[in-house]
Amino acid sequence: GRGIQPDVFTLMYLLSVCSHDCNLELGKFVHHNVVINGIGVDIVLQNAFLDMYAKCGDLHAAQTLFDRMVHRNVVSWTSLLTAYAKHGCLERAKDIFSQMPVKNVVSWNSMMSSCIHEGCLQDALDLFFEMCNSKVEPDEITLVSVLSACCQRGDLVMGNKVQDYIRCNNINSSVTLNNALIDMFSKCGSLENAFDLFNEMPEKNIVSWNVMIGALAFHGFGHEAIQLFEEMQAGGKWPDKVTFIGLLSACCHSGLTDIGWYYFDKMSSVYGVPREIEHYACMIDILGRGGFLDEAVKLIGR
């Protein structure tokens, strides 16, 4: 006998596993079985197949399936758009985006992050304004993306506009959004704004502390970065490998050789953070700048 027919829920579950694990072979097998057994396929199931091909990187199969769909909704369009966007086919993604009858927040975010990934930062910022003028409200992912574009451009004017947008629309500033704002202010040269925002934050996570320590290090405020690290510990936050990259680069930028050695030494023994190549690179830089070339060479040989 043909055995028990899988129902739509089983198929949806199987396809979500294929998408998650990028298991194209199993996904094709499921699709083949559905076709052979003549199982009725509604738009939800078609979208699940489309999403599976898209996430597994088979753009040809995704496009073929999309072209054959009699009915499409915003999910169908967005799956195809995201597939091209993720694989760096920016022009194709732009084509699809311009043809979409309806765009949701995911469509806008996909298009924006694709532009940022391909280095078309102005396009991403233009899209943000276009989105604000459309009836689709930006979400946290949109705002973090736009702030990342501002960071890469060093565009403080635009960064301030994003912050104004957040305030004027009473958007709940999550820790993630605040971290993105601090990073933007720091990278666009407005350390004071970054520090004010950091101090105002009702809740901070390890990323918040790392971003601020990194910002102080980048601007040459080594002692302040170390002081912030001590405050972080006093507040019960445990450092990670990124914290130590910030801390060591703070010592490097400010010529604090002894303090750099001290933290490099304590990293694994006290804090249980394994030293990685970036930490060695920072330490070698500290020693080199401090004129301790013999120690630097010894460290390379360790």
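Quick caveat, the model's predicted, so the values are computed rather than measured.
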Note to self: Less than 6.0 angstrom separating the ring centers of Phe244 and Phe264, yes or no?
What the structure shows: no

Check: Hey, does Phe185 have a side-chain heavy atom less than 4.5 Å from the side chain of Asn160?
Finding: yes

Item checked: Pair Asp183-Lys187, salt bridge (charged side-chain N to carboxylate O under 4.0 Å, His left out): steps then yes or no -> CA-CA 6 Å; Asp183 198 33; Lys187 298 218 170 101; 3.0 Å; yes

Notebook entry, point to check: Crowded around Gln99 CD? As in, over 12 foreign heavy atoms under 6.0 Å?
Noted result: yes

Note to self: With a 3.5 Å distance limit and no angle check, can you tell me whether His20 reaches the backbone of Ser16 through a side-chain donor-acceptor pair?
What the structure shows: no

Item checked: Check: Asn179/Asn205 side-chain N/O donor and acceptor closer than 3.5 Å -> yes

Note to self: As a quick check of understanding, evaluate ring-ring contact (aromatic ring centres under 6.0 Å, His included) for Tyr263 and Phe229, giving each step before the final call.
What the structure shows: CA-CA 11 Å; Tyr263 284 122; Phe229 175 68; 5.2 Å; yes

Item checked: Residue pair Leu90, Met111: steps toward the side chain to side chain contact (heavy atoms under 4.5 Å, CB included) verdict -> CA-CA 8 Å; Leu90 187 57; Met111 200 61 244; 3.7 Å; yes

Item checked: Whether over 12 other heavy atoms sit under 6.0 Å from Glu231 CD -> yes

Checklist line | Asn37 (side chain) donor-acceptor with Asn33 (main chain) under 3.5 angstrom | finding: yes

Check: According to the interplanar angle, ranging from 0 to 90°, do the rings of Tyr165 and Phe128 count as parallel (below 30°), tilted (30 to 60°) or perpendicular (above 60°)?
Finding: perpendicular

Checklist line | CA sep, side-chain torsions, deciding dist, call: Leu147, Gln163, side chain to side chain contact (heavy atoms under 4.5 Å, CB included) | finding: CA-CA 9 Å; Leu147 288 168; Gln163 190 182 35; over 6 Å; no

Next item on the list: Determine, step by step, whether Ser76 and Leu50 satisfy the side chain to side chain contact (heavy atoms under 4.5 Å, CB included) criterion, reporting the C-alpha distance in whole Å, the side-chain angles of both residues, the deciding distance to 0.1 Å, and the verdict.
Entry: CA-CA 7 Å; Ser76 330; Leu50 180 59; 4.0 Å; yes

Next item on the list: Report whether Val273 and Leu247 are members of the same hydrophobic cluster (ILVMFWY, side-chain heavy atoms less than 4.5 Å apart, transitive linking).
Entry: yes

Note to self: Please evaluate residues Asn104 and Val136 with respect to the criterion side chain to side chain contact (heavy atoms under 4.5 Å, CB included), reporting the C-alpha separation (whole Å), side-chain torsions for both, the decisive distance (0.1 Å), and the verdict.
What the structure shows: CA-CA 6 Å; Asn104 63 12; Val136 181; 5.6 Å; no

Notebook entry, point to check: Is it the case that Glu91 and Tyr84 place a side-chain donor and acceptor less than 3.5 Å from each other?
Noted result: no

Next item on the list: Answer yes or no: are there more than 12 heavy-atom neighbours, outside Tyr271 itself, under 6.0 Å from its atom OH?
Entry: yes

Checklist line | His279 side chain vs Leu248 backbone, donor-acceptor pair below 3.5 Å | finding: no

Margin query: Pair Gln122, Asp126 - check side-chain hydrogen bond (donor to acceptor under 3.5 Å, both in side chains), show working.
Written below: CA-CA 6 Å; Gln122 187 56 53; Asp126 292 345; 2.8 Å; yes

Margin query: Is the terminal nitrogen or CZ of Lys103 (NZ for Lys, CZ for Arg) located under 6.0 angstrom from the six-membered ring centre of Phe97 and within 45° of that ring's axis?
Written below: yes

Notebook entry, point to check: How close do Asp123 and Cys115 get, heavy atom to heavy atom, and via which atoms?
Noted result: CB-SG, 3.9 Å

Notebook entry, point to check: Should Ile206 and Met232 count as side-chain neighbours, where that means a heavy-atom distance under 4.5 Å?
Noted result: yes

Checklist line | In one Ile/Leu/Val/Met/Phe/Trp/Tyr side-chain cluster, 4.5 Å: Val105, Ile116 | finding: no

Margin query: Return the SG to CD1 distance between Cys251 and Ile226, rounded to the nearest 0.5 Å.
Written below: 4.0 Å

Notebook entry, point to check: Any chain of hydrophobic side-chain contacts (each under 4.5 Å) joining Met283 to Val242?
Noted result: no

Note to self: Quick one: does any side-chain atom of Ser148 pair with a main-chain N or O of Val144 as donor and acceptor, under 3.5 Å?
What the structure shows: no

Next item on the list: Would you kindly confirm whether Trp77 and Met52 end up in one hydrophobic cluster when ILVMFWY residues are joined by side chain heavy atoms under 4.5 Å apart?
Entry: yes

Next item on the list: Measure the NZ-OG distance between Lys55 and Ser79 for me, rounded to the nearest 0.5 Å.
Entry: 6.5 Å

Notebook entry, point to check: Would a distance-only check, ignoring hydrogens and angles, find a side-chain to backbone donor-acceptor pair under 3.5 Å from Ser110 to Ser107?
Noted result: no

Check: Taking all atoms of both residues into account, what is the closest heavy-atom pair of Ile213 and Gly246, and its distance?
Finding: CG2-C, 3.9 Å

Notebook entry, point to check: Do any N or O atoms from the side chain of Asn73 and from the backbone of Val75 form a donor-acceptor pair under 3.5 angstrom?
Noted result: yes

Checklist line | Glu276 and Lys241, any side-chain heavy atoms less than 4.5 Å apart | finding: yes

Note to self: Under the criterion side-chain hydrogen bond (donor to acceptor under 3.5 Å, both in side chains), I'd like the reasoning laid out for Ser174 against Glu140: C-alpha separation, chi angles, the key distance, then a yes or no.
What the structure shows: CA-CA 8 Å; Ser174 67; Glu140 186 177 286; 2.4 Å; yes

Notebook entry, point to check: Regarding Asp67 and Gln63, is there a side-chain donor-to-acceptor distance under 3.5 Å anywhere?
Noted result: yes

Item checked: Point-to-point distance, once rounded to the nearest 0.5 Å, from NZ of Lys28 to SG of Cys56 -> 9.5 Å

Margin query: Is the distance from the ring center of Phe221 to that of His253 below 6.0 Å?
Written below: no

Note to self: Surrounding NE2 of His87 (heavy atoms of other residues, nucleotides or ligands, distance under 6.0 Å), is the total greater than 12?
What the structure shows: yes

Margin query: In the structure I gave you, are the side-chain heavy atoms of Leu125 and Asp155 within less than 4.5 Å of one another anywhere?
Written below: yes

Note to self: Tell me if the CD atom of Glu230 is crowded by more than 12 foreign heavy atoms within 6.0 Å.
What the structure shows: yes

Notebook entry, point to check: Do Leu216 and Leu191 touch side chain to side chain, with heavy atoms closer than 4.5 Å?
Noted result: yes

Notebook entry, point to check: Between Asp285 and Arg289, does at least one N-O distance fall below 4.0 Å, as a salt bridge requires?
Noted result: yes

Margin query: Counting C-beta onward and ignoring hydrogens, is there a side-chain heavy-atom pair between Thr243 and Trp238 closer than 4.5 Å?
Written below: no

Check: Would you call Leu287 and Trp261 a side-chain contact if the rule is heavy atoms closer than 4.5 Å?
Finding: yes

Item checked: Euclidean distance, Cys252 SG relative to Ile286 CD1, rounded to 0.5 Å -> 5.5 Å

Next item on the list: Evaluate the criterion ring-ring contact (aromatic ring centres under 6.0 Å, His included) for residue pair His31 and Tyr53; output intermediate values, then yes/no.
Entry: CA-CA 10 Å; His31 195 184; Tyr53 283 121; 5.6 Å; yes

Check: Are Tyr13 and Leu11 joined in one hydrophobic group, where the rule is that I, L, V, M, F, W and Y side chains link up if heavy atoms are under 4.5 Å apart?
Finding: no

Checklist line | Ring-face cation of Lys204 near Phe198 (centre distance under 6.0 Å, axis angle within 45°) | finding: yes

Notebook entry, point to check: Hey, is the main chain of Met131 close enough, under 3.5 Å, to the side chain of Ser134 for a donor-acceptor pair?
Noted result: yes

Check: Would a 4.5 Å heavy-atom cut-off, applied to side chains only, mark Ile166 and Ser173 as touching?
Finding: yes

Check: Say you draw a straight line from CG of Leu299 to CD1 of Ile284; how long is it, rounded to the nearest 0.5 Å?
Finding: 4.5 Å

Next item on the list: Would you confirm whether Asn133, through its side chain, and Phe129, through its main-chain N or O, come within 3.5 Å as a donor-acceptor pair?
Entry: yes

Notebook entry, point to check: Do Asp139 side-chain atoms and Ile141 backbone N/O form a donor-acceptor pair below 3.5 Å?
Noted result: yes

Margin query: Can you tell me how far apart CE (Met184) and CE (Met158) are? Round to the nearest 0.5 Å.
Written below: 10.0 Å

Margin query: Keeping Ser249 on the side-chain end and Ile245 on the backbone end, is there a donor-acceptor pair under 3.5 Å?
Written below: yes

